[in-house]
Amino acid sequence: MIQSALTDYYTKR
Amino acid sequence: MFEARLAQGSIFAKVIEGLRELVTEATWECSGNGITLQAMDSSHVALVSLVLRSDGFETYRCDRNMSLGISLTSMSKVLKMMGKDDTLTIRVNDDSDAIVLSMESQNQEEFAEYELRLMDLDSEHLGIPDTDYSCVVKMPSTKFSRICRDMAILGDSVTICSTKDGVKFGAKGDVGQGSIRLNQSTNVDKEEDAVSIELREAVALTFAVRYLNMFCKAAPLSNQVNLSMSEDTPLMCEFKVGDMGHIRFYLAPKIED
């Protein structure tokens, strides 16, 4: 398994 | 000018202790509504979002919106000098580059004041939409802390599986494997001891246990923790801060290669 990043789910504002 | 006074200064110290392992410095946004903070860890895997509403403070004054860059590491050290029943006042004077922390003992015989220099921080913000999670597990925060600590002995990752009957935490690694299953409480004397599960859909998600253990540093704030989960979505781990706000941690899941 690999670690995903929050930026894969949420966009920068 | 900004000034906020908390009769129970220890609450603020617990908030800082809850944040400072994940983020060492952060920008506090102060407005008439209260104090908010959003910060990601350096690897962009986890995020913390803090809300402390103004009405939760004994007195609160914020003449204009302010962004305060603060070293949480330094603030934590200063707050360690506070007595456990001290009143805490946080103040930023106009045109000042420092935040002032004043601590007053309950018998009003001792008064300490410390200044911390403000920092200019680059901060990235993520837009986190309101989410209807498939599953929300509510459980005692001490139990969650113990489970995360125990799972870290077995491996780097913990898989959380939730069904309508219960929630299972499992880990495996070089030394072996193990799991802990909690059933939904049917009958508890105290609400804070209960495990409850609101479920629309069963979920199974895997997370780096190291981050969960960092989140548990906020467990002394609240008897209960809420774990909100949906497939292919970051976990939201929430601790309430009395009735004045919350700390929410978000953690990106581990996914198949």
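Quick note on labels: first sequence line is chain A, next is B, and so on, each numbered from 1. Owing to the predicted nature of the structure, the values given are computational and were not obtained by experimental measurement.
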Walk me through it: do A:Leu6 and B:Val45 pass the test side chain to side chain contact (heavy atoms under 4.5 Å, CB included)?
-> CA-CA 5 Å; A:Leu6 282 175; B:Val45 170; 5.9 Å; no
More than 12 heavy atoms from other groups under 6.0 Å of CG on B:Asp130 = no
Does CD in B:Glu201 sit with more than 12 non-hydrogen atoms of other residues, nucleotides or ligands closer than 6.0 Å?
-> no
Gap between atom CG of B:Asp257 and atom CE of A:Met1 - 0.5 Å precision = 8.0 Å
Step by step, work out the side chain to side chain contact (heavy atoms under 4.5 Å, CB included) result for B:Lys254 and A:Ile2.
-> CA-CA 5 Å; B:Lys254 287 194 168 184; A:Ile2 53 165; over 6 Å; no
Atom OG1 of B:Thr131 and atom OH of A:Tyr9: how far apart are they, to the nearest 0.5 Å?
-> 13.0 Å
Rounded distance (nearest 0.5 Å) linking atom CD of A:Gln3 with atom NE2 of B:His44 = 13.0 Å
B:Thr233 OG1 to A:Asp8 CG distance, which is reported to the nearest 0.5 Å | 12.0 Å
For B:Glu256, is it the side chain, the backbone, both, or neither that has a heavy atom closer than 4.5 Å to a heavy atom of chain A?
-> both
Any donor and acceptor pair, going by atom type alone, linking the side chain of A:Ser4 with main-chain N or O of B:Ile255 inside 3.5 Å?
-> no
Residue B:Asp243 excluded, over 12 heavy atoms near CG under 6.0 Å = no
Has B:Arg181 got more than 12 heavy atoms of other residues, nucleotides or ligands less than 6.0 Å from its CZ?
-> yes
Can you tell me how far the CD atom of B:Glu124 sits from the NZ atom of A:Lys12, to the nearest 0.5 Å?
-> 4.0 Å
What do you reckon, is CG of B:Asp41 surrounded by more than 12 foreign heavy atoms closer than 6.0 Å?
-> yes
